[in-house]
Amino acid sequence: MDLFNKVKQHVLDELNSMVTAGELPSGLDMTSVSVEPPRDPLHGDMATNAAMVLSKSAKISPRKIAENLANRLSNLDIVENSQVAGPGFLNLRINIKAWQAILNRILELGSDYGRSGLGENLRVNVEFVSANPTGPLHIGHTRGAVFGDALSKLLSFAGYNVTREYYINDGGSQVDTLARSVYLRYLEACGQEVVFEEGTYPGDYLVPVGQSLKEKVGYDYMDKPEDYWINDVRKFATDAMMTLIKGDLAVLGIHMDTFFSEKSLYGGGKIEKAIESLKSKNLIYDGILDSPKGKKVEDWEPRNQTLFKSTSHGDDVDRPIKKSDGAWTYFAPDIAYHFDKIERNFDQLIDIFGADHGGYVKRMKAAVAALSDDKVKFDIKLTQLVRLFERGEPLKMSKRAGTFITLRDLVDQVGSDVTRFVMLTRKNDAPLDFDFEKVLEQSKDNPVYYVQYASARIHSVFRKAKEAGIQFDQKQMQNATFCNITHEAEIKIAKKLAEWPRLVEISAKTHEPHRIAFYLYELASDFHSLWNKGNEIEKLRFIQENDQPLTFEKMAMISAVLVVISSGLAILGVEPATEMN
RNA sequence: GGCUCCUUAGCUCAACUGGAUAGAGCAGCCGACUUCUAAUCGGCAGGUUGAGGGUUCGAGUCCUUCAGGGGCCGCCA
């Protein structure tokens, strides 16, 4: 159990004894009692709001409760002193031994330090990327990919059973367009001259697909009507695109557990079944939608459509699931797909969309709520767009001008670690500026190198220590006493490390992996600060030439720092550096 | 027009889902390299959290009105 929870448990225990002693009324709701690090470290190591939260229902002034609680807590070994402050905060200063003991704990648990049981092994489905299988992934997909993968890693670390899933949009007309485009490249490979007209994909990446199609079928598809080849080419082309996309993802170290084909929903009654389920809840009806107000829609005319009553679950208007010609809208397979996820018994669903799909959030949430009778938790995270810059100048992307930046371009230029880290240094719903020069700049401007440098410095100390003939192995370090690790700057680091398990849980609960990146930056900062203090205060250097036992303690301490940096970077999907070059 | 996300220091962003005197980095100014790699550190300065109202012990955070910006808005997925 991490230190904050431990102290919280103490607080709750004492509150309960106060109830037993008749100093507090029974039946109080203590769920909102929290123990947190205060913003201002001068206030102490931890603060609890217990008195303020309980005073109203207990009908006792907050200060009175706080003072009582303070007296009781100060009897505990781990509490150095406790003080009532402000409107009724109770500030606790924790005994230095508890911070030193954290280091032992970290070394003992290693990469499991911070791992949490929060998720109770609940099954979570994280769906992300899900780009149309019509071409390589571009920069917008990259952010969704990195975010989804880091969130998945984070949730795993927090005790969830995570499935990474990709929804292949292979059922719509865009794959016909793809097939026709590949057919043109095929004809080209057969020696014909071709023209890419409006409504086809002219990208070079289809050239090898056309060639391999020719290798497969020879000249058989030449001069044949579309009916003859379209089915085969469609499958051939989408398979090729998915291979391409999987390769793109692999460049970032991302591997999906499941690829779910939209097409597989058709023909087997899956869509009908999902709609039937909604129908049984009286949520499907035939009707005519009003024209959207304030926005002119050319050639608008009222059409009779089959509609899903999404307004019954918080949407603004009901949504069509069947077009006037009787064909499904894209929303219908989406409903069926989420129904399928529910039927696969996931406890929670998470979808990651680009911000341009923000308009679909309400209807998807309505659908999942209706289909699962509100039983399946469903969160949709939107990733805002990435703005590219080169030397401070915005980079205009245009497919036609060929200045279209793909995921591969990006990773080729800056590498996977930098791409991943930078994409995670911003909240998902904030736009992200990505400057090709800046992200490669090796300075503290650049959080990637800043954190990497901290880990490299630790490795460097290890190398120096080894050269100096200082022996230290993992087992021994676990049992270090740390009684000489007492300086403010050192304890500050121990405190920071103690926050790690809490931070993991908060990040997992809020589905916000960026918090990990910010935390690592702060930890690195505390470490660099301590390092530089060694310039002035010799005692703070990690290698103490004439004091092997002290050096050993310090090795163990920075080893604990390295453990947390490594775990944090692992969640982000970034390799810790052993040296800078 | 509707929905949605956003607006915090000159700039780029945090703020532990409601806690105390709102924090970092950059840019600016001052200072630290004979070192465990200065790819770093210390200090100074910088704020009516877009504006108003509300909820309560307490609001950057929740509700509401307004202003500004991004995204989306029936037979494209």
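Convention: sequence-line order gives letters A, B, ...; per-chain numbering from 1.
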Problem set entry | Interatomic distance, A:Y519 OH vs B:rC13 P [rounded to whole Å] | 25 Å
Exercise. When we call it a touch if two heavy atoms are under 4.0 Å apart, what does A:A465 touch: a base, just sugar-phosphate, or nothing?
Worked result: nothing
For this session: Check whether any side-chain N or O of A:R515 sits under 4.0 Å from OP1 or OP2 of B:rA15, and answer yes or no.
Result: yes
For this session: Measure from the side chain of A:S529, starting at C-beta and using heavy atoms only, and say which of B:rC41, B:rU37, B:rA14 lies closest.
Result: B:rC41
For this session: Using only heavy-atom distances, decide whether a donor-acceptor pair under 3.5 angstrom links the side-chain of A:N532 to the base of B:rU40.
Result: yes
For this session: Report the relative orientation of the aromatic rings in A:F308 and A:F331; use parallel for angles under 30°, tilted for 30 to 60°, perpendicular for over 60°.
Result: tilted
For this session: Using the C1' atom on both, measure B:rG52 against B:rA67 and round to a whole Å.
Result: 11 Å
For this session: Using the C1' atom on both, measure B:rG46 against B:rC5 and round to a whole Å.
Result: 29 Å
For this session: Classify the angle between the aromatic ring planes of A:Y166 and A:F259 as parallel (below 30°), tilted (30 to 60°) or perpendicular (above 60°).
Result: tilted
For this session: From the options B:rA14, B:rU40, B:rU17, select the nucleotide whose nearest atom is closest to the side chain of A:K427.
Result: B:rA14
Exercise. Does A:Y201 reach the side chain of A:Q174, with side-chain heavy atoms less than 4.5 Å apart?
Worked result: yes
Problem set entry | Length of the line joining A:E490:CD and B:rC36:P, which is rounded to integer Å | 17 Å
Exercise. Base, sugar-phosphate, or nothing for A:E522, non-hydrogen atoms under 4.0 angstrom?
Worked result: nothing
Exercise. What integer distance in Å separates A:K533:NZ from B:rG42:P?
Worked result: 6 Å
Exercise. What interatomic distance, in whole Å, is found between C1' of B:rG43 and the corresponding atom of B:rU37?
Worked result: 24 Å
Problem set entry | Closest to side chain of A:F518, choosing from B:rU17, B:rU37, B:rA14 | B:rA14
For this session: For B:rU17, decide between syn and anti, treating a glycosidic angle within 90° of 0 as syn.
Result: syn
Problem set entry | Nucleotide of B:rC13, B:rA15, B:rG19 approaching A:V53 most closely (side-chain heavy atoms) | B:rG19
Problem set entry | Trace of the side chain to side chain donor-acceptor pair (under 3.5 Å) decision for A:T31 with A:D29 | CA-CA 6 Å; A:T31 48; A:D29 177 15; 2.7 Å; yes
For this session: Write down the distance separating the C1' atoms in B:rC76 and B:rC66, rounded off to the nearest Å.
Result: 36 Å
Exercise. Planes under 30° and centres closer than 5.5 Å, is that true for A:F89 with the base of B:rA20?
Worked result: yes
Problem set entry | Residue of the set A:Y330, A:F128, A:Y337, A:F353 for which ring pair (Phe, Tyr, Trp, His ring centres under 6.0 Å) holds with A:Y167 | A:Y337
Seminar exercise, completed: note: A:D325, atom CG; B:rG74, atom C1'; distance rounded to Å ~ 13 Å
For this session: Taking only the side-chain nitrogens and oxygens of A:R457, find out if one of them lies under 4.0 Å from OP1 or OP2 of B:rA39.
Result: no
Exercise. Between A:K362 and A:L90, which is nearer to the 5' end of RNA chain B once each is assigned its nearest nucleotide?
Worked result: A:K362
For this session: Step through the shown structure and confirm whether more than 12 heavy atoms of other residues, nucleotides or ligands are within 6.0 Å of CD on A:Q83.
Result: no
Seminar exercise, completed: Whole-Å distance, A:R426 CZ to B:rG70 P, equals 20 Å
Exercise. Using the P atom in both, what is the distance from B:rU61 to B:rU49, to the nearest Å?
Worked result: 10 Å
Seminar exercise, completed: Atom CZ of A:R319 and atom P of B:rU4 are separated, to the nearest Å, by 11 Å
Problem set entry | Donor-acceptor under 3.5 Å (A:S455 side chain, A:P576 main chain) | no
Exercise. Base, sugar-phosphate, or nothing for A:H357, non-hydrogen atoms under 4.0 angstrom?
Worked result: base
Exercise. If each of A:R387 and A:N535 is mapped to the nucleotide of RNA chain B with the nearest heavy atom, which maps nearer the 5' terminus, i.e. the 5' end?
Worked result: A:R387
For this session: Using the C1' atom on both, measure B:rC6 against B:rC44 and round to a whole Å.
Result: 33 Å
Exercise. In whole Å, what separates the C1' atom of B:rG19 from that of B:rC62?
Worked result: 14 Å
Problem set entry | Presence of A:Y450 side-chain N/O under 4.0 Å of B:rC41 phosphate oxygens OP1/OP2 | yes
Exercise. If you check the A:R502 side chain, which of B:rC16, B:rU37, B:rA20 turns out closest?
Worked result: B:rC16
For this session: With salt bridge (charged side-chain N to carboxylate O under 4.0 Å, His left out) as the test, would you mind laying out the steps for A:R387 and A:D433 before giving the verdict?
Result: CA-CA 5 Å; A:R387 290 186 300 233; A:D433 290 348; 2.7 Å; yes
Exercise. A:N49 has an atom CG; how far is it from atom P of B:rC57, in whole Å?
Worked result: 14 Å
Exercise. Taking OP1 and OP2 of B:rC75, is either one under 4.0 Å from a side-chain nitrogen or oxygen of A:W328?
Worked result: no
Exercise. Quick one: is A:K56 getting a side-chain N or O under 4.0 Å of the B:rU56 phosphate, OP1 or OP2?
Worked result: no
Exercise. Side-chain donor-acceptor pair under 3.5 Å between A:Q384 and A:D429, yes or no?
Worked result: no
Seminar exercise, completed: Looking only at B:rC13, B:rC36, B:rC73, the nucleotide nearest the A:R541 side chain is B:rC36
Exercise. What is the nucleic acid contact for A:L289, judged by heavy atoms within less than 4.0 Å: base, sugar-phosphate only, or nothing?
Worked result: nothing
Problem set entry | salt bridge (charged side-chain N to carboxylate O under 4.0 Å, His left out) between A:E512 and A:K427, worked out | CA-CA 7 Å; A:E512 292 180 340; A:K427 250 189 313 217; over 6 Å; no
Seminar exercise, completed: Among the nucleotides B:rG74, B:rG19, B:rA77, whichever has the atom closest to the side chain of A:Y330 is B:rA77
Exercise. Would you say the side chain of A:S324 and the base of B:rC75 hold a donor-acceptor pair, judged only by whether the two atoms sit under 3.5 Å apart?
Worked result: yes
Exercise. Is the side chain of A:S525 donor-acceptor paired with the backbone N or O of A:Y521 at a distance under 3.5 Å, no angle test?
Worked result: no
For this session: Using the six-membered ring wherever Trp is involved, compare the ring planes of A:H459 and A:F462 and label them parallel, tilted or perpendicular (cut-offs 30° and 60°).
Result: perpendicular
Problem set entry | N or O in side chain of A:H528 less than 4.0 angstrom from B:rU37 OP1/OP2 | no
For this session: Using whole Å, report how far CD of A:E536 lies from P of B:rA32.
Result: 11 Å
Problem set entry | Stems formed with participation of RNA chain B [Watson-Crick or G-U wobble, under 3.5 Å, three or more pairs] | B:1-7 with B:67-73, B:10-13 with B:23-26, B:28-32 with B:40-44, B:50-54 with B:62-66
Problem set entry | Whole-Å P distance, B:rC41 and B:rC26 | 8 Å
For this session: State whether A:K323 places a side-chain N or O below 4.0 Å from either non-bridging phosphate oxygen (OP1 or OP2) of B:rG74.
Result: no
Exercise. Of the nucleotides B:rA20, B:rG70, B:rC16, which has the atom closest to the A:Q384 side chain?
Worked result: B:rG70
Problem set entry | Phosphate contact (B:rA77 OP1 or OP2) by A:Y360 side-chain N/O below 4.0 Å | no
For this session: Choose from B:rG71, B:rA20, B:rG19 the nucleotide whose nearest atom is closest to any side-chain atom of A:A85.
Result: B:rA20
For this session: From the options B:rA14, B:rA39, B:rU17, select the nucleotide whose nearest atom is closest to the side chain of A:A430.
Result: B:rA14
For this session: Indicate, with a heavy-atom threshold strictly under 4.0 Å, whether A:G358 touches base, sugar-phosphate, or nothing.
Result: nothing
